[in-house]
Structure formats: C-alpha cells, structure tokens
Amino acid sequence: MATLQTPVNIVVEGAVDNVVMQRLLKYVGLRIGRCLIEGGNRKLIDNLHKRNAAGHFAPWLVVIDLDDNECAPAFIRTLLPIEQYNSQFRLRVAVREIEAWLLADREALAQFLRISINLVPRNPDAEDDPKQVLVNLARRSRNKQLVADIVPRPESGRRVGPGYLGRITEYI
C-alpha cells in the first residue's frame, strides 16, 4: 500500500477508531498523514467515493464499523465494489465495532480494568454491542475513578462516561 516514507491517510467514524488506527499504523512502521473523523458511518459512506478518488494520488485507509450489517464482504460490496478501488485505497470493516478489537486482548483489558479475565468475552466479534460490553466490564472494575470515567451517569442519557475517550486512549 505504501512505503515507509509515504504517509497513510486515515478516515474513521469516531475518535476511538482514530486512536486505534493511528496506534496500529505506528506499530507496523507506517507514517500517518491526515486523520479524518467523520462523526458516524453516514458521513463516512457519503464521502467514500471522494476518498477512493484521492487513493489515486496517496494512500487512504478507511475503517467503518459493521454495526447491524450481517456480512463484512457483502457490506463492502454495497459501499464500493473492490474492482472500483484506486490503487492506494483500502476499505476495512471492524466487526461489529472497533471496541471488539479492544476486547480481543482479554488479558490486557482485564488487567487495565482490574477485573477477572473470565469476565471478558472469548469471542468479541459475536457481541452485538462491543462498546456496551466494554462499558459494562468497566462497571465491574475495582478502580472507582476508572468506573466514574468510563461508565455514564444514569441521568446523563449518554452511552459512555465523561472520561471514556481518555481512558480508552490510555488503554490503547
């Protein structure tokens, strides 16, 4: 896709996705170019053809959550058939959400959250809502500040606590 000298541009749905992808690209020795957080899959999908066109000139990696779709390859074909990809464009699907990738390292997550490894699911891709699973695991933490940061207050109406991004970034 790129040489070590060519920066890879990243397009993702949200801030956690961005942190994960930056960490992965750095880990494999790639330089990072632009990082675009689309704010959800609708905007990402709406801009997909533009990102593919840009893939003619520079490397672009787009990561989208599978969410409620059943099959990643079929979902990709509905978005942009592989035969239409420009040479430096890649589209990848996180099954179901990027948080499933975080759940996959059971030992590290259990250690970070200070919970038993037996609480962390063995097959995170099978979880319907990996982000909720992560928040629910944090509820069980022995670290009260971690709970306060990751778990939303009941009256907030939010899916995650006020320090979710910071704590998840710390974990990543």
Side-chain angles (χ1 to χ4, degrees), residues 1-69 72-105 108-109 112-113 124-125 127 129-135 137-138 146 149-152 156 158-172:
M1 181 172 178
T3 69
L4 290 177
Q5 301 306 313
T6 306
V8 176
N9 301 296
I10 303 168
V11 182
V12 294
E13 290 185 40
V16 171
D17 307 354
N18 185 43
V19 175
V20 169
M21 295 317 301
Q22 285 191 43
R23 179 73 175 100
L24 284 173
L25 290 182
K26 284 179 185 174
Y27 180 78
V28 297
L30 296 174
R31 289 183 48 221
I32 298 167
R34 295 176 65 193
C35 297
L36 304 175
I37 301 172
E38 296 286 20
N41 70 356
R42 179 66 347 213
K43 188 174 177 192
L44 189 148
I45 291 168
D46 289 346
N47 290 323
L48 202 54
H49 288 282
K50 287 192 274 188
R51 307 301 177 219
N52 183 44
H56 184 72
F57 304 101
W60 284 85
L61 174 61
V62 178
V63 179
I64 189 169
D65 291 345
L66 184 62
D67 291 330
D68 294 329
N69 295 286
F75 180 48
I76 287 175
R77 284 191 298 276
T78 67
L79 298 174
L80 184 68
I82 266 183
E83 58 274 5
Q84 292 180 16
Y85 286 16
N86 274 307
S87 62
Q88 298 184 84
F89 174 85
R90 298 295 182 271
L91 174 63
R92 297 296 180 256
V93 176
V95 178
R96 298 242 155 246
E97 299 169 328
I98 205 109
E99 281 82 0
W101 296 5
L102 304 179
L103 293 168
D105 189 345
L109 184 62
F112 177 75
L113 293 176
D125 287 343
E127 298 295 330
D129 191 346
K131 182 183 286 186
Q132 188 62 55
V133 170
L134 190 58
V135 169
L137 289 171
L146 194 123
D149 290 342
I150 295 177
V151 178
S156 73
R158 300 182 53 96
R159 290 190 67 204
V160 298
Y164 180 82
L165 178 58
R167 287 299 189 142
I168 296 305
T169 298
E170 179 185 334
Y171 169 65
I172 294 166

Glu38/Arg51 ion pair, N-O < 4.0 Å: yes
Test: Asp129 and Arg159 ion pair at under 4.0 Å: yes
Under 3.5 Å: donor-acceptor pair, side chain of Ser156, backbone of Pro152: no
Under 3.5 Å: donor-acceptor pair, side chain of Asn86, backbone of Asn52: yes
Side-chain heavy atoms of Tyr164 within contact of Val135, under 4.5 Å: yes
Pairwise distance CZ(Phe75) to CG(Leu91) - rounded to 0.5 angstrom: 8.0 Å
Gap between atom CG of Leu102 and atom CD1 of Ile172 - 0.5 Å precision: 5.0 Å
Gap separating the CZ atom of Phe89 from the CD atom of Gln84, nearest 0.5 angstrom: 10.5 Å
4.5 Å side-chain heavy-atom contact, Ile10 and Ile32: yes
Contact check, side chains of Thr6 and Arg31, non-hydrogen atoms, under 4.5 Å: no
Side-chain donor/acceptor of Arg96 to backbone N/O of Asn69, under 3.5 Å: yes
Asp17 side chain vs Val12 backbone, donor-acceptor pair below 3.5 Å: no
Contact check, side chains of Val11 and Leu61, non-hydrogen atoms, under 4.5 Å: no
Greater than 12 external heavy atoms within 6.0 Å of Asp68's CG: no
